[in-house]
Amino acid sequence: MSTTERSGSLESGAVAERNDSLSVTDNRTGESFEIPITDGTVKAMDFRQMKVSEDDFGLMTYDPAFTNTASCRSEITYIDGEAGVLEHRGYSIEALCKHSSYLEVAYLLIHGELPTKDQHDEWVHEVTIHTYVHEGMKRFLQGFRYDAHPMGMLLAGVGALSTFYPTAKNIDDPDERHMAAVRLIAKMPTLAAFAYRHSMGLPYVYPDNDLWYPANFLSMLYKMAEAKYDADPRLTRALDVLFILHADHEQNCSTSAVRSVGSSQVDPYSAVAAGVAALYGPLHGGANEAVLRMLDRIETVENIPSFLEGVKSGDERLMGFGHRVYKNYDPRARIIKTNVDEVLEVTGMNPKLEIAVELEKRALDDEYFTSRKLYPNVDFYSGLIYEALEIPPAMFTVIFAIPRTAGWVAQWLEMVDDSDTKIARPRQIYSGERERDYVSLDER
Ligand code: SDX
């Protein structure tokens, strides 16, 4: 909407002086206030002045899931949920998936510009030579039960990394921040692959620095007695595109967790471990695993109508559908759907794809879903690619965490440098009891 339109009807050619503010009257006192509007927001603290008495704390805003609250300024990722637009530092996700690589996108997220050839090669070299983890990390991971969920192992492993790099606590040191960024991006695939090998009872495979990022990850997952693991380049490219698609997504649940925990000035490994924990949840990164289990439960196309009835009656959630921001088709889902066809050409048809495509079609023909603006999100088709790569469902969210590390790190770096950053400490509406007398045990 242009400024002219927003200011209502105008004399032709004249543009009324628009007053970017709210005029608020507190009807409890009759007092009026002018609240400035900046970047489409008002400051919650501007409402604190509205009191009914001198000792009144003042008005707060109540927004339990931050559904309408901007927690920070950021220049990293732009999303237009209505239009289904996703850009990183101004570059469309479509262009980045077509022309870039995950490590180049990671550089872009962190530095704000695409790297020159020398910068790119230096960055890739730095990440490559930091893929190993301390042997103590191996022993730590070997302490988990054979059936430990790999996300639980990754969560613990990332936290444990903070103990191997104690100087990372010096978050004001640019070199320490840079090294933590490199180490987190470099070591996440190694920890992820070690967790997988642990769950399979297989020996851990060390990083192969001759291989590029996604190929090295597949090698650490699947290499056995062969001298060198040779992944199909079409599959490594598909995995790299998936990594790009999952790299960052502005203030999602896990990134918010990283920023909130990071605001206490803890080291970045501990802050990123909080992001891993948030991503683990089935409403967030855990949805891709839940989609596969949902498709397994549906079993055949014929069962789709009864399943959708179960969703509409509230017995089920259509996992992989819906989004807090996208009220249109998630652009990442559209790209992944194309990727699925390319991967299945290599690995062979997956009957679950037919169910997923029909499920999407039926849901998008159904007013229950369209009225709630529920469209496929990034998790709806991604699991089909992971399954085609013979990755078990329990590893799907781990594979989401690998590339999201670049986003978590970039957002953490931006937060550390932001002069507005203070320790995150929300207020509350207290609705409990007050001033009760203690009753001794024998009188209760
Ligand atoms: C990710 O934030 C990000 O950017 C996340 C992410 C990223 O890259 O970081 O994009 C990754 O987490 C994608 C989302 C993956 N999660 C799922 O696929 C799980 C299924 N989807 C949801 O549970 C849900 O849609 C959320 C959690 C994604 C969004 O929830 P909201 O914004 O809080 O929406 P809501 O729960 O208030 O739902 C609004 C309405 C409700 O119906 P009514 O109460 O109005 O009757 O839509 C319904 C919900 O019941 N609804 C669904 C539904 N999602 C919402 N009904 C059935 N199936 C669903 N999936």
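Indexing begins at 1, ligand by ligand and atom by atom, following the structure's order.
Listed by chain and number, residues touching ligand 1 at under 4.0 Å (heavy atoms only) are His249, Asn252, Leu283, His284, Ala287, Val311, Arg317, Leu318, Met319, Gly320, Phe321, Gly322, His323, Arg324, Arg332, Tyr368, Arg372, Leu374, Asn377, Asp379, Phe400, Arg404.
A search for side-chain contact (heavy atoms from CB on, under 4.5 Å) contacts involving Tyr206 returns Tyr132, Glu135, Lys138, not counting sequence neighbours. Looking at residues two or more places apart in sequence or on another chain, you find no side-chain contact (heavy atoms from CB on, under 4.5 Å) involving Ser419. Applying the side-chain contact (heavy atoms from CB on, under 4.5 Å) test to Tyr326 and every residue at least two apart in sequence or in another chain returns Ile79, Leu86, His249, His323, Asp330, Pro331, Arg332.
In this structure, Tyr280 has its ring center under 6.0 Å from that of His149.
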Inset, instruction - Using the side-chain contact (heavy atoms from CB on, under 4.5 Å) rule, take Val42 and Asp46 through it: C-alpha gap first, then chi angles, then the decisive distance, then the call. - result: CA-CA 8 Å; Val42 291; Asp46 284 349; 5.8 Å; no

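Under the 3.5 Å distance criterion, the side-chain polar atoms of Asn328 are matched with a main-chain donor or acceptor of Glu82.
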